[in-house]
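Reading through the structure tokens given below for one structure.
Numbers restart at 1 for each chain; the letters A, B, ... are given by sequence-line order, proteins then strands.
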There are 4 protein chains.
Amino acid sequence: MPVKKDIEEARRRQILDAAEKVFVKRGIDKARMDDIVQESGLSKGALYWYFKSKDAIVSALVGHVLISEMREAEALVHADGSATERLKLFIEYAVWEYKRFEKVLPLAYEFVAHAARSKVVRETVILYFNRYKDILAQVIQQGIDSGEFQPRDPDTVAMSIISMYEGMAMLWFIEPNLVDWDRMGAEPIDIMLGGLSVEKR
Amino acid sequence: MPVKKDIEEARRRQILDAAEKVFVKRGIDKARMDDIVQESGLSKGALYWYFKSKDAIVSALVGHVLISEMREAEALVHADGSATERLKLFIEYAVWEYKRFEKVLPLAYEFVAHAARSKVVRETVILYFNRYKDILAQVIQQGIDSGEFQPRDPDTVAMSIISMYEGMAMLWFIEPNLVDWDRMGAEPIDIMLGGLSVEKR
Amino acid sequence: MPVKKDIEEARRRQILDAAEKVFVKRGIDKARMDDIVQESGLSKGALYWYFKSKDAIVSALVGHVLISEMREAEALVHADGSATERLKLFIEYAVWEYKRFEKVLPLAYEFVAHAARSKVVRETVILYFNRYKDILAQVIQQGIDSGEFQPRDPDTVAMSIISMYEGMAMLWFIEPNLVDWDRMGAEPIDIMLGGLSVEKR
Amino acid sequence: MPVKKDIEEARRRQILDAAEKVFVKRGIDKARMDDIVQESGLSKGALYWYFKSKDAIVSALVGHVLISEMREAEALVHADGSATERLKLFIEYAVWEYKRFEKVLPLAYEFVAHAARSKVVRETVILYFNRYKDILAQVIQQGIDSGEFQPRDPDTVAMSIISMYEGMAMLWFIEPNLVDWDRMGAEPIDIMLGGLSVEKR
DNA sequence: TATGAATGAGTCTTCATTCAT
DNA sequence: CATGAATGAAGACTCATTCAT
């Protein structure tokens with residue numbers, strides 16, 4: 001009877017979608033279960049049927065939000081072209097992703113804050129960043145192997161790039177005017193890659 | 001009668017110090033006024049005598065935490081040495097600052113999340129980053145003027161560096177193992193400066 | 001499903017009855033929600049489920065108390081007998097009502113004071129007095145039409161009578177000894193009707 | 001050293017005047033001592049120096065407000081003219097007084113409500129109405145003695161008239177449109193006096 | 001499964017009163 | 001006499017969670 005499973009899955013998504021909207025609008029702590037009830041169109045009892053608590057919804061949502069688009073990113077590792085080209089492509093994609101997530105970004109930083117206090121949430125977030133780092137590190141390793149890049153620790157370089165764009169997203173979220181994505185999308189990674197390259201620029 | 005002013009200032013600090021501890025321990029939203037009362041050793045009424053509301057404490061604290069050490073940073077702009085040297089010094093200082101703020105970092109990310117919903121908090125945070133950016137941009141401009149650096153937009157470069165270290169701090173806060181400050185402190189800025197330099201490395 | 005409606009209505013009454021008792025005992029401002037909770041036997045949450053705030057309870061109660069017996073009064077307009085007889089009957093009824101409301105009278109004057117500051121309460125109170133006035137004015141008009149009374153403005157006369165008995169109730173509430181209802185019930189209206197009559201007394 | 005006494009008296013008045021304004025604006029229960037502090041221009045400590053508590057201020061104010069103009073009224077008892085004329089004069093004066101007290105009326109009804117719960121306040125209010133009644137009763141007795149009025153109980157008649165105008169003031173306070181003083185000032189007493197007169201109208 | 005009425009511990013905030021200076 | 005900082009009990013309201021139907 002997969003129908004039952006389907007309904008169950010649909011309900012869960014319905015709740016998480018509603019929760020996402022509400023959390024973004026009011027912040028996780030300020031959000032009330034009743035808000036989610038209203039937004040989801042379900043009943044209070046239904047929420048508690050599918051999720052044990054508000055915290056359970058938060059935890060489920062972290063995975064839902066952070067992990068969802070990782071697969072597409074992974075594809076880039078195996079794409080054609082030089083490491084430099086592919087890293088630029090990757091950043092281009094990531095920036096596009098950030099823009100797409102604009103509405104959800106407040107949530108991301110609440111997750112980060114939550115991570116300090118919830119083991120489950122923290123582990124999900126860490127998992128996400130590790131995957132992200134691994135993807136980048138692979139490409140960088142390929143660049144080193146091919147003689148394109150100086151021999152640096154791939155993880156350190158990967159984390160530098162991730163940090164830069166995560167930080168950028170954070171600043172952009174605080175004040176959009178601080179970050180001009182058209183400029184910030186390309187120039188920083190250019191400089192980085194320039195600094196990484198074995199060639200004279 | 002500066003004594004009165006002094007007492008007033010002392011009380012405010014007393015309250016903010018207590019609030020900081022409590023906010024770090026429990027998170028801003030979960031923190032109760034009573035926690036701050038207990039931690040501060042003052043009475044409920046005293047808190048409300050000096051601060052109109054919990055929110056006012058949060059706002060005041062943002063300034064207190066973010067701005068406090070900015071002056072030392074500003075000094076570096078006028079220090080001796082090449083732009084490269086001074087930027088490295090700056091980062092070194094910033095990293096040391098991050099380490100020092102370790103206990104308060106969770107707060108920083110709650111501030112970020114709060115910034116989305118509180119005009120006052122947002123403006124304080126923006127002010128902080130703009131000052132931070134201006135300091136860096138000045139040094140970079142000096143480097144460009146002296147022929148040390150390629151002619152890039154100083155603001156963009158400054159924001160890239162800030163983003164990188166802010167992002168790093170965020171990742172480190174989530175999972176200390178993700179960031180090895182000994183490595184991450186020096187290497188990323190090395191790469192960046194390499195990419196910025198007009199010389200062959 | 002009228003059962004649900006019935007329960008809802010029953011709960012509201014339960015709350016209003018409790019609130020009435022508490023307000024009489026302690027005064028509206030001094031009354032605590034917890035008093036009403038205890039008196040009603042319901043929970044705090046239940047009160048707030050049915051009424052948005054303490055003020056909402058006050059407002060609802062004004063209507064409940066003031067309007068409740070108006071219908072019986074209205075019947076007198078269409079009763080048999082001369083206008084004089086019916087007015088006397090009306091007063092007799094009203095006085096009996098006052099006595100019956102003895103316990104609630106303090107409330108009435110708090111309502112009056114409240115009326116100065118709450119639009120909702122004021123409108124309910126005004127509505128009540130207007131209905132009251134209309135009833136009396138109708139009977140007086142009938143008396144004028146039948147040649148029983150001098151041609152006076154019915155509204156003015158009606159308000160005079162209402163004022164007299166409202167004022168009396170107020171004085172009686174302040175100090176029962178000031179008002180001897182056996183005397184004050186009959187004599188004032190006698191004088192009034194005498195002054196109104198076209199006949200020599 | 002009457003200066004000291006004078007200052008003391010001045011301070012008391014200063015406080016009562018401020019309290020009156022505040023009570024009218026916010027209601028007795030909602031009024032804060034701090035409001036009175038601000039309005040009076042004195043300090044918190046000063047208020048408590050001159051009055052033991054907020055309640056003491058209320059009590060003192062009742063007398064201050066209700067009794068203040070009674071003397072002028074008393075003069076009318078010994079004026080020239082028929083009882084009818086003097087009663088009309090009295091009402092005219094009273095109506096003018098009401099208008100003058102417009103700003104303070106809300107207070108009056110809070111006093112009434114307070115009277116239910118404070119012995120001191122109640123006694124002051126009773127005293128006021130008794131004096132008021134005595135004045136009227138004297139004039140009415142004079143009218144009876146002179147053969148102008150039917151022989152009725154002067155107290156009952158006096159209370160009827162007082163009730164009427166007190167009630168009118170109350171209704172007017174609730175909703176000014178309910179009471180047209182130009183009409184209500186003269187007509188009701190006319191009817192009353194007509195009903196009281198031994199003459200055919 | 002689903003509903004939504006009911007619960008009550010928990011929270012912020014207010015404000016009359018006190019008292020050291 | 002006067003000040004105003006400090007107190008803390010009290011009170012309105014919220015909201016995650018439960019459970020009878």
For E:dA6, the Watson-Crick or wobble partner whose two distances fall under 3.5 Å: F:dT17
Can you check the [X] [atom1] to [N] [atom2] distance for me, whole Å?
X       : N      : atom1 : atom2 : answer
A:Asp34 : F:dT18 : CG    : C1'   : 13 Å
C:Gln38 : E:dG8  : CD    : C1'   : 14 Å
B:Asp29 : F:dT14 : CG    : P     : 16 Å
C:Lys30 : F:dA9  : NZ    : P     : 19 Å
A:Lys52 : F:dC19 : NZ    : C1'   : 15 Å
D:Asp55 : E:dC15 : CG    : C1'   : 15 Å
B:Leu47 : F:dA6  : CG    : P     : 11 Å
A:Gln14 : E:dT1  : CD    : P     : 14 Å

If you only use heavy atoms from C-beta on, which nucleotide in E:dC15, E:dT18, F:dA6 is closest to the side chain of D:Tyr48? E:dT18
Pairwise side-chain contact, C:Leu42 with C:Tyr50, heavy-atom cut-off 4.5 Å (strictly under): no
Would you indicate whether the side-chain heavy atoms of A:Asp35 and A:Lys21 approach each other to under 4.5 Å? no
Please tell me which of A:Arg32 and D:Arg11 maps to the more 5' nucleotide of DNA chain F, matching each residue to the nucleotide holding its nearest heavy atom. D:Arg11
Most 5' of A:Lys54 and B:Ser43 on DNA chain F, judged by nearest nucleotide: B:Ser43
Main-chain N/O of C:Ala31 paired to C:Lys54 side chain as donor or acceptor, under 3.5 Å: yes
Short side-chain to backbone donor-acceptor contact, B:Gln14 and B:Ser40, under 3.5 Å: yes
Would you classify A:Phe51 as touching base, sugar-phosphate or nothing, given that sugar-phosphate means primed atoms plus P, OP1 and OP2, and contacts are heavy atoms under 4.0 Å? nothing
Mind checking A:Ala31 for me? I need base, sugar-phosphate or nothing, with any heavy atom below 4.0 Å counting as a touch. sugar-phosphate
D:Lys30 NZ to D:Lys25 NZ distance, which is reported to the nearest 0.5 Å: 15.5 Å
5'-most contact on DNA chain E (nearest-nucleotide basis), C:Ala46 vs B:Arg26, goes to C:Ala46
Using the P atom in both, what is the distance from F:dT21 to E:dT1, to the nearest Å? 22 Å
Looking at F:dT17, does its base get a donor-acceptor pair with the side chain of A:Lys44 below 3.5 Å? yes
